[in-house]
Amino acid sequence: MAQALNISNASPRGDSQRHLSVSTSPTAAFQSPLSSFGGALAQRGNPKQLKPFNTQDIKILLLENVNQSGRDILTAQGYQVEALKTSLPEDQLIEKIRDVHVIGIRSKTKLNEKVLKEAKNLLVIGCFCIGTNQVNLDYAARHGIAVFNSPFANSRSVAELVIAEIITLARQLGDRSNEMHRGTWNKVSNKCWEIRGKTLGIVGYGHIGSQLSVLAEAMGMNVIYYDVVSLMALGTARQVPTLQTLLNEADFVTLHVPELPETKNLISAAQLAEMKDGSYLINASRGTVVDIPALINAMRSGKIAGAALDVFPTEPRANGDYFNNELNSWGEDLRSVNNIILTPHIGGSTEEAQRAIGIEVGDALVRYINQGVTIGSVNMPEVTLRSLTAEADYARIIFIHQNVPGVLRRVNEILGEHNVDKQISDSRGDCAYLMADVSNVQTSDLRDILESLEALSSRIATRVLY
Ligand SMILES: NC(=O)c1ccc[n+]([C@@H]2O[C@H](COP(=O)([O-])OP(=O)(O)OC[C@H]3O[C@@H](n4cnc5c(N)ncnc54)[C@H](O)[C@@H]3O)[C@@H](O)[C@H]2O)c1
Ligand SMILES: O=C(O)CC[C@@H](O)C(=O)O
């Protein structure tokens, strides 16, 4: 089995050095020729396996109860996988992240600059969810750390939850059920409605919003939507030109936008005032999108007849933790309002969605670790090459570098002395990714190539796979 992987990674400022030569240990510096280069894996006629390292040296930390499907894919590769059920407090996260090559998270773990600065060996981050707002994507790209997510595997689950919430709010089911649990019979129809013929206003008509549109029409609702880009309407839905138009016309407003500076408090006192009297608000996007104290006021005044919140600006770290004023200053006020459904960020939490996410992100991580393929990355250019042929003396060179003029000329000077079979290069923002498959290279050639590439001032990270 081929055995040596060299990954070295330095920040553009040169303040961190990361070397990985895992014929013995992932943290040992690269020194020796790649001893088993062109070994048993290279069989003529089959695609070559780009797994030139001892897979058991790759250390992976999975947090927040990543689904078994993802864990299985990673452990089947032979990687060392540690899986924890919760997120970690920042100090413990920093301790752990220093040691690992891969981290898998969901929505709670904040991989900000402070944490990522400590992640000297980190190659890749897997977000086992849709949202990637919890990761500093630019910092990661500038340090050669690719980030992957699962862009739509839980969209249907969220859309179904919202349908359930629309009916639950329209019929005040939460309050009736709570009363029965307390032993009180309260048979009322006052301000309980059918949803047929009502207007649903969808803010953000992406993967979730558009799924929801189809389901809502099947229930007899009229659908309007507002999005910052012009998007094809499904069914008989209608795009409206402004958020205000949507708020003025909708009986139910549901939010499906990403967490961005522009979506912070997208719904605050002024927007709630624009909504129809007795209308409903649903937020299963991100907690920062709604100004919750303003919502509490609007519900207490009767302006808003009901709300469903699945996401909150600050969410507890683990199951069993309290949702109270220590977490968010308005926690107890929110809990006291009538006809409000509060759920613990479970929009995407179904068996189907979590299993699909585990497979999608697990596969993307394996492809990146073993082959350097970035298809699906949310912070790096998306680059792939077909598999190497099974020749013994082929290698794949990966050069992640700053996107500045003149780099390709320098790289081509280095690689130009060898037989480059295929090469691809792409850039995204400040980061560029070059992948080249070279043939007829000996181990001494590879060492020279590596040393020359690493000497380039534009270098962020260099990998050789063979
Ligand atoms: N509650 C959950 O468990 C759960 C599950 C999945 C996703 N989410 C959240 O839902 C969000 C939406 O998911 P998606 O898959 O539909 O995303 P998406 O990227 O497919 O769609 C988002 C849409 O919002 C639009 N948009 C962006 N800024 C806007 C603005 N200011 N005003 C109006 N429209 C705007 C975009 O143009 C896009 O069409 C995710 O970013 C994630 O944060 C939550
Ligand atoms: O599973 C999670 O923690 C996040 C779910 C959802 O918000 C997502 O972004 O996919």
Side-chain angles (χ1 to χ4, degrees), residues 62-67 70 85-87 104-110 126-135 137 147-162 164-165 201-215 224-234 237 239-247 253-268 271 282-290 308-313 315-319 341-358 360-361 378:
L62 299 179
L63 299 175
E64 303 183 56
N65 203 17
V66 165
N67 191 265
K85 281 202 177 311
T86 66
S87 60
I105 59 169
R106 288 171 63 185
S107 55
K108 303 259 183 313
T109 304
K110 304 277 177 264
C127 297
F128 287 79
C129 55
I130 292 184
T132 52
N133 54 293
Q134 68 282 36
V135 180
L137 298 177
V147 182
F148 294 88
N149 73 338
S150 172
F152 44 78
N154 64 19
S155 313
R156 171 73 188 204
S157 301
V158 179
E160 287 189 11
L161 179 76
V162 174
E165 289 176 337
I202 301 174
V203 182
Y205 203 67
H207 291 108
I208 298 171
S210 55
Q211 278 263 338
L212 177 60
S213 171
V214 175
L215 296 180
I224 57 175
Y225 61 93
Y226 168 70
D227 200 294
V228 283
V229 292
S230 178
L231 289 165
M232 186 187 75
L234 299 181
Q239 183 157 11
V240 294
T242 62
L243 178 60
Q244 184 178 346
T245 314
L246 181 138
L247 298 173
V253 173
T254 184
L255 307 173
H256 301 287
V257 293
E259 180 180 276
L260 297 169
E262 310 87 78
T263 59
K264 188 173 165 57
N265 288 335
L266 186 72
I267 302 297
S268 191
Q271 291 71 30
I282 298 172
N283 184 21
S285 61
R286 283 292 179 263
T288 51
V289 178
V290 174
L309 302 178
D310 186 46
V311 287
F312 305 89
E315 296 178 358
R317 198 171 53 76
N319 286 350
I341 304 166
L342 302 175
T343 46
H345 202 150
I346 50 162
S349 294
T350 59
E351 296 283 358
E352 293 93 336
Q354 292 307 311
R355 186 179 142 69
I357 290 172
E360 186 175 11
V361 181
V378 293

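In each ligand, atom 1 is the first atom listed, and ligand 1 is the first ligand listed. Computed over heavy atoms, backbone and side chain alike; hydrogens, waters and symmetry mates excluded. Model, not experiment: these values are computed from the prediction.
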CZ (Arg317) with more than 12 external heavy atoms under 6.0 Å:
yes
Give yes if a backbone or side-chain nitrogen or oxygen of Gln354 is under 3.5 Å from a nitrogen or oxygen of ligand 2, and no if not.
no
Contact between ligand 1 and Tyr226 is defined here as a heavy atom of the residue under 4.0 Å from a ligand atom; is it met?
yes
Note: ligand 1 atoms sitting under 4.0 Å from heavy atoms of Arg286 are 8 (N), 9 (C), 42 (C), 43 (O), 44 (C)
Under 4.0 Å between heavy atoms, the region of Asp227 that gets near ligand 1 turns out to be both
Have a look at ligand 1 and work out which part of Asn154, if any, has a heavy atom under 4.0 Å from it: side chain, backbone, both or neither.
side chain
The closest protein heavy-atom partner of atom 22 (C) of ligand 1 is His256 O, 3.5 Å
Near His345, which atoms of ligand 1 are under 4.0 Å from a heavy atom of that residue?
1 (N), 2 (C), 3 (O)
When you measure from atom 4 (C) of ligand 1 to every protein heavy atom, which one gives the shortest distance, and what is it?
Ala284 O, 3.7 Å
So for Glu259, does at least one of its heavy atoms come nearer than 4.0 angstrom to any atom of ligand 1?
no
Could you tell me the residue and atom name of the protein heavy atom closest to atom 9 (C) of ligand 1, and the distance to it rounded to 0.1 Å?
Ser285 O, 3.5 Å
Considering only heavy atoms of Val158, which atoms of ligand 1 have at least one such atom less than 4.0 Å away?
4 (C), 5 (C), 6 (C)
Sub-4.5 Å side-chain heavy-atom contact between Arg156 and Leu215
yes
What part of Lys108, side chain, backbone, both or neither, has a heavy atom within less than 4.0 angstrom of ligand 2?
neither
Atom 8 (C) of ligand 2: of Ile346, Ile130, Val158, the nearest heavy atom sits on Ile130
Please state which part of Thr263 comes within less than 4.0 Å of ligand 1, counting heavy atoms only: side chain, backbone, both or neither.
side chain
Subset of ligand 1 atoms that lie under 4.0 Å from at least one heavy atom of Val229:
37 (O)
Which is it for Asp310 and ligand 1 at heavy atoms under 4.0 Å: side chain, backbone, both or neither?
side chain
